[in-house]
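Each residue takes its place number in the sequence, starting with 1.
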Amino acid sequence: SYATLIDHLQMTMTRVELYDEYSDLENLLSEYNTACTNPVHSEQLKEQIIALASNLFKELEFNDDIPLKDCVKICHDALSRIRNSQMNLGLHTFGRIPIGDERCEVINSIVRYGEEHDSIRDCVADIMGLDLSTLYADQGEINEKYQTSNGALIEEIGIKTRDIVKLILAGFDTSSAVTSVMTKANDIQISAFGKFIDEIKDIDERLNDSCEMDALLRGLNGRRISPGPAGPITRGRYDILPTGRNFYSMDPFSVPSTTAWKVGMRLADGIIEKYLHESGEIPESIAFFWTMGEIISTGGEMMSQLLYLLGVKPKWGLDGRVKDIEIIPLEELKWPRIDITVNVSCILRDNLMNCIDLIDSAVRAVAELDEPLDKNYVRKHTLESITSGMDADDALTRMFGAPPGSYISGVNLAVFASSWKEDKDLAEIFVKAKGYGYGNSRNGKPMFEQFASSLSRVNVTFDKVSSDEGDILACGGHFSNVGGLTVAARYLSGTDVKAYYGDTRDPRDISVNTLADEIRRVMRTKVLNPAWIEGMKQHGYKGAGDIMKKISRLYGWEASTKEVDDWIFDEVTATFVSDPEMRQFFKDNNPYALEEIARRLLEA
């Protein structure tokens, strides 16, 4: 607990540009407006678009009689999932501060983020006569004024924002920078950029003050390292700069924040609405993987989601700390009170037990409410467990994790060692590894029966992404914990439990998608993207090893959830194994990485 942690800059993030056939599809879509006036051209264009889009997005379905306009909208929506993501330009080299265009990308990735109607991108959109939030609401829609999709306009706004950042860093004053990029801008519109220009300059100075290598040497020499906060820089957290400081995370009693609470409510509604649309029913129980990293990154979005599903809200004090919880009356809720099962990460267990206790207290309070069972699934399931002979306190447990001192879920070890044959094996490993109860002094009580019972009632498993700095292939713990939840819930329930993935990377573009959709997004924007691959190749042995790890984890998702499309493995094979240039790269830098990639592909 007295260790000194020397922090460093995250990887440089940049926008994802459409590439290869995705760019070809965008070019076809741009012909839409001229084709509308010619029925023959219109039909030919539709055939070309459907043929190419069906090859690129095999998850899309097109009816033979679909109008061209609807076809174009569907494709623009699909492309927007790629173009409005960010990817890393290789890796961060410790002690190296970005310069030139790379510095511009770093600073732009910070200032582009902002609350609704309060970001530098909103200023750019305003000059263009657009509302950024409206564009996000329907990215596939064709904008009549600009004759292109809203998604493409969001991308254009991002490019113009980056160009303004670049000019400010080059020494231009605000008016010159804005008018050089935006030809028509009045004084009021230019003045709106003021505070964001100040941020750009402040971030630039903070980067110059970063001394990562010096701090490391000072720390090894037993000298004091100044403290500093932690957080995701692409969510506007430039207070983490300069780097090279002894970082701390947060006040554990400050979560969830009021901002996170608003996002959590939207996520909760999104899960229920998606499940209702797909199945015609409201889910009775949802399983989550809850991590400390998610809390630090978002201020407690998932924690808010858990509370709102239970029909409970936090009570904040004047100091912003959470003092207690408050029951939301049934008549104020859109839905019944939804039951939860939570796989708690080991680091969260060790550091934020107060958060675990708060959720546990909420579960207890909801279970004790005298409400109809079809309006309170927590109470319904608790009574079912007690009726079956389970101890009352055990029946109330919803928070589970690994035993104290342990940091595994077991599934990743079994997958990487190829020591499993069927879903039953992974399900049993997961329950035995994570079936220890937490909350209100349980402190890791073995509760395998209750964990299995809770999982058997699950209708949906859920996790989320909150920043492009990380993704579902960034760590084996993701598929081990979320995949473990999913395979166990499916096996124990005997049903096709849905696997959903939330997206809160941008506060105005919050969505709930399927796990399969998120896997496709990450593969298209990063792993199969030539620009991402080139960035990783710059790091030789390390870059090759990190490519290998992404593919091994991709296999882990397939092993545990079966949610990886076959075409993805085909593309991985073509990109990394069959391509002569890539084979030579691996041979020169890390032949063992290629060996492991091939082994996992053969196993898949």
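Shown here are the salt bridge (charged side-chain N to carboxylate O under 4.0 Å, His left out) partners of Glu596, two or more places apart in sequence or in another chain: Arg599, Arg600. Partners of Asp131 under the salt bridge (charged side-chain N to carboxylate O under 4.0 Å, His left out) rule, at least two apart in sequence or in another chain, do not exist in this structure. In this structure Asp588 satisfies the salt bridge (charged side-chain N to carboxylate O under 4.0 Å, His left out) test with no other residue, sequence neighbours excluded. Residues that satisfy the side chain to side chain donor-acceptor pair (under 3.5 Å) test with Ser552, not counting sequence neighbours, are absent from this structure. In terms of the side chain to side chain donor-acceptor pair (under 3.5 Å) criterion, Thr259 has no residue partners (sequence neighbours excluded). With sequence neighbours left out, Lys562 forms a salt bridge (charged side-chain N to carboxylate O under 4.0 Å, His left out) with Asp423.
Considering CG of Asn27 and CD1 of Ile49, their distance stands at 11.0 Å, rounded to 0.5 Å. One distance of note links CD1 of Ile159 with CD1 of Ile164; it measures 12.5 Å at 0.5 Å rounding. Between Ile197 atom CD1 and Ser191 atom OG the span is 11.5 Å, to the nearest 0.5 Å. A distance of 10.0 Å separates CD in Glu469 from CZ in Arg235, rounded to the nearest 0.5 Å. One distance of note links CD1 of Ile97 with CZ of Arg103; it measures 7.5 Å at 0.5 Å rounding. Between the CD1 atom in Ile6 and the CG atom in Leu216 there is a gap of 6.5 Å [rounded to 0.5 Å].
Under the salt bridge (Lys or Arg N to Asp or Glu O under 4.0 Å) criterion, the residue pairs touching residues 138-149 are Lys73-Asp138, with sequence neighbours excluded. Sorted by first and then second residue, the pairs that involve residues 571-581 and meet side-chain hydrogen bond (donor to acceptor under 3.5 Å, both in side chains), not counting sequence neighbours, are Lys537-Glu581. Counting only residues at least two apart or in different chains, ring-ring contact (aromatic ring centres under 6.0 Å, His included) contacts with residues 88-115 comprise His8-His92. Sorted by first then second residue, the side-chain hydrogen bond (donor to acceptor under 3.5 Å, both in side chains) pairs that include residues 49-60, not counting sequence neighbours, are Glu59-Arg524. The stretch residues 189-201 participates, sequence neighbours left out, in these salt bridge (Lys or Arg N to Asp or Glu O under 4.0 Å) pairs: Asp118-Lys195.
Between Arg96 and Glu102, at least one side-chain nitrogen of the basic residue sits less than 4.0 Å from a carboxylate oxygen of the acidic one, meeting the salt-bridge criterion. With respect to Glu105 and Arg162, a salt bridge is recorded, a charged nitrogen being found less than 4.0 Å from a carboxylate O. With salt bridges taken as basic N to acidic carboxylate O contacts below 4.0 Å, none links Arg521 and Asp471. We find that Lys542 and Asp546 are joined by a salt bridge, their nearest charged nitrogen and carboxylate oxygen being less than 4.0 Å apart. A salt bridge links Asp517 with Arg520: at least one charged nitrogen is closer than 4.0 Å to a carboxylate oxygen.
At least one side-chain heavy atom of Val572 sits less than 4.5 Å from a side-chain heavy atom of Met523. When side chains are defined from C-beta on, Asn88 counts as touching Lys526, because their heavy atoms get closer than 4.5 Å. Residues Lys274 and Thr514 form a side-chain contact, since some pair of their non-hydrogen atoms from C-beta on lies under 4.5 Å apart. Within the 4.5 Å cutoff, side-chain heavy atoms of Leu207 are placed close to those of Ile107. Put simply, the side chain of Asp24 does not reach to within 4.5 Å of the side chain of Leu56, judged on heavy atoms. With a 4.5 Å cut-off on side-chain heavy atoms, Val482 and Trp557 count as touching. Counting heavy atoms from C-beta on, the side chains of Met182 and Met128 come closer than 4.5 Å. At least one side-chain heavy atom of Pro98 sits under 4.5 Å from a side-chain heavy atom of Leu9.
Annotation: Phe193 is not in aromatic contact with Phe196 [ring centroid separation under 6.0 Å not met]. Annotation: Phe585 is not in aromatic contact with Phe576 [ring centroid separation under 6.0 Å not met].
The backbone N or O of Gly228 lies less than 3.5 Å from no partner atom in the side chain of Arg245, so there is not a single donor-acceptor pair. No donor-acceptor pair closer than 3.5 Å links the side chain of Arg83 to the backbone N or O of Glu17. Ser119 contributes no side-chain N or O that, together with a main-chain N or O of Gly114, makes up a donor-acceptor pair within less than 3.5 Å. No side-chain donor-acceptor contact under 3.5 Å links Glu294 to the backbone of Gly299. With hydrogens and angles disregarded, no donor-acceptor distance shorter than 3.5 Å links the side chain of Asn481 to the backbone of His478. Between the side chain of Ser480 and the backbone N or O of Gly476, no donor-acceptor pair lies under 3.5 Å.
Donor-acceptor pairing under 3.5 Å is lacking for the side chains of Asp77 and Ser80.
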Show your reasoning for whether side-chain hydrogen bond (donor to acceptor under 3.5 Å, both in side chains) applies to Thr291 and Ser345. CA-CA 5 Å; Thr291 70; Ser345 81; 5.3 Å; no
Only distances under 3.5 Å count here; give the side-chain donor-acceptor pairs of residues 499-506 to other protein atoms, sequence neighbours excluded, each with its distance to 0.1 Å.
from	atom 1	to	atom 2	distance (Å)
Tyr500	OH	Glu278	OE1	2.7
Tyr501	OH	Asp463	OD2	3.3
Asp503	OD1	Arg505	N	3.1
Asp503	OD1	Arg505	NE	3.0
Asp503	OD2	Arg505	NE	3.1
Asp503	OD2	Arg505	NH2	2.9
Thr504	OG1	Glu301	OE1	2.8
Thr504	OG1	Lys464	NZ	3.2
Arg505	NH1	Ser85	OG	3.4
Arg505	NH1	Asp468	OD1	3.3
Arg505	NH1	Asp468	OD2	2.9
Asp506	OD1	Arg508	N	3.1
Asp506	OD2	Arg121	NH2	2.8
Asp506	OD2	Tyr136	OH	3.0

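Leu29 pairs in a side chain to side chain contact (heavy atoms under 4.5 Å, CB included) with only one of the listed residues (Leu52, Leu79, Leu45), which is Leu79.
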